[in-house]
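Worth knowing before you read on, the calculation uses all heavy atoms, side chains too, and leaves out hydrogens, waters and symmetry mates. Atoms within each ligand, like the ligands themselves, are counted from 1 in listed order.
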Amino acid sequence: MKITEHIQASNGKALFSFEILPPLKGQNIQSIFDAIDPLMEYKPPFIDVTYHREEYVYTEQKNGFLEKKIVRKRPGTVGICAAIQNKYEVDAVPHILCGGFNKEDTENFLIDLDFLGIKNVVALRGDAVKSETYFSPEPGGNIYARDLVEQISAMNSGKYLDHAMENGNKTDFCIGVAGYPEKHMEAPNLDKDIERLREKVEAGAEYIVTQMFFDNRKYFEFVEKCRKSGINVPIIPGLKPIATKNQLTVLPHRFHVDFPDDLISEIEKCRDNKEVHKVGIEWCINQSRELIANGVPVLHYYSMGRSTNIQKIASAIF
Ligand SMILES: Cc1cc2nc3c(=O)[nH]c(=O)nc-3n(C[C@H](O)[C@H](O)[C@H](O)COP(=O)(O)OP(=O)(O)OC[C@H]3O[C@@H](n4cnc5c(N)ncnc54)[C@H](O)[C@@H]3O)c2cc1C
């Protein structure tokens, strides 16, 4: 089923969903199943699987020159999605990027997903390659997520890159896109970022999943601004329970999000990460309860490979 159909069928009851990362290359899929198994009790109608593009690794040679190697540390997004749909009979939602793909690669990737019976995708631009400061698109690739949404929407109408092709199979993807309650780091301001978000919806996106946030007011204000700007699709809040003290600096650096004062002081009082873990769970439970009270369609949790804290939150909420 499509995410939008799951939301419609829920009759206003908030749904539980989460995101997982493919394992590092060389590990087997059991680690993924071990993370998912304890969460199945809470009946997630869909599970997101992130996509990880290539990284450049430079190694010094005997002659002093640097050799550039291209490595993908977490391949397997499509395989994991197929395995999830097969094993758990829930919808798997692969993330798909502009970065690292030309439009032909994207088309072929989507054909694979369609043949596998995958009905939902989250369309993203992706970040810059780790060793580079700014994102640069692949030659012949999509530049912004909006362009990728346009390509997927075109395939949904049976239009492929080969314009001479007639009666192309009409795919039927439900397209999700990313939204940033605290603004995307490169956007000049939040209003402009929301204008760009609206363009993604106008291009065919049917729902939005937000970046993590730790202060619900940021989400409520964001939703209000989106509605005022004419965005009417579901806006799914993304939540992450904080688990270690160093995330106080790592998460703002990596995701450009703020922590509220109360959460900072609770975490600073903790003597070790076991205590931080507990504070993170309690904070996330309170966030979840308030979001549900305000009628959110789905609560989407970022597991980042660990499910014990998500399980505790789900057992308190769902
Ligand atoms: C829910 C979620 C899931 C994610 N999953 C993944 C994942 O699986 N793998 C991964 O690598 N990354 C993932 N990311 C990170 C994401 O790829 C980065 O945040 C990336 O920097 C932006 O992607 P986007 O799709 O939001 O980009 P876009 O919507 O293209 O926006 C990127 C920037 O460009 C601006 N912009 C948009 N259109 C235009 C235009 N026409 N002209 C000028 N500026 C414009 C926007 O305001 C924004 O600042 C995820 C993020 C979220 C919130």
Below 3.5 Å only, please: the N or O atoms of ligand 1 paired with protein N or O atoms, distance on each line.
| from | atom 1 | to | atom 2 | distance (Å) |
| --- | --- | --- | --- | --- |
| ligand 1 | 5 (N) | H95 | ND1 | 3.0 |
| ligand 1 | 8 (O) | Y51 | N | 3.0 |
| ligand 1 | 8 (O) | H95 | ND1 | 2.9 |
| ligand 1 | 9 (N) | Y51 | O | 2.8 |
| ligand 1 | 17 (O) | G126 | N | 3.0 |
| ligand 1 | 19 (O) | Y180 | OH | 2.7 |
| ligand 1 | 21 (O) | R125 | NH2 | 3.1 |
| ligand 1 | 21 (O) | D127 | OD1 | 2.5 |
| ligand 1 | 21 (O) | H184 | NE2 | 2.8 |
| ligand 1 | 25 (O) | R125 | N | 2.8 |
| ligand 1 | 26 (O) | Y180 | OH | 2.7 |
| ligand 1 | 29 (O) | K200 | NZ | 2.7 |
| ligand 1 | 30 (O) | A145 | N | 2.8 |
| ligand 1 | 42 (N) | R196 | NH2 | 3.3 |
| ligand 1 | 47 (O) | D193 | OD1 | 2.7 |
| ligand 1 | 49 (O) | H184 | ND1 | 2.8 |
| ligand 1 | 49 (O) | A187 | N | 3.3 |

Can you confirm if the NZ or CZ of K240 lies within 45° of the ring axis of Y302 and under 6.0 Å from the centre of its six-membered ring?
no
Residues two or more places apart in sequence or in another chain: which of them pass side chain to side chain donor-acceptor pair (under 3.5 Å) with D215?
R217
Which pairs with one or both residues in residues 249-293 pass ring-ring contact (aromatic ring centres under 6.0 Å, His included), sequence neighbours excluded?
F214-F259
Which hydrophobic side chains are connected to Y144, either touching it within the sub-4.5 Å cutoff or through other members that do?
I143
Within the side chain of Q61, is there an N or O that forms a donor-acceptor pair under 3.5 Å with the backbone of T59?
yes
Among I3, T4, V177, side chain to side chain contact (heavy atoms under 4.5 Å, CB included) partner for E206:
T4
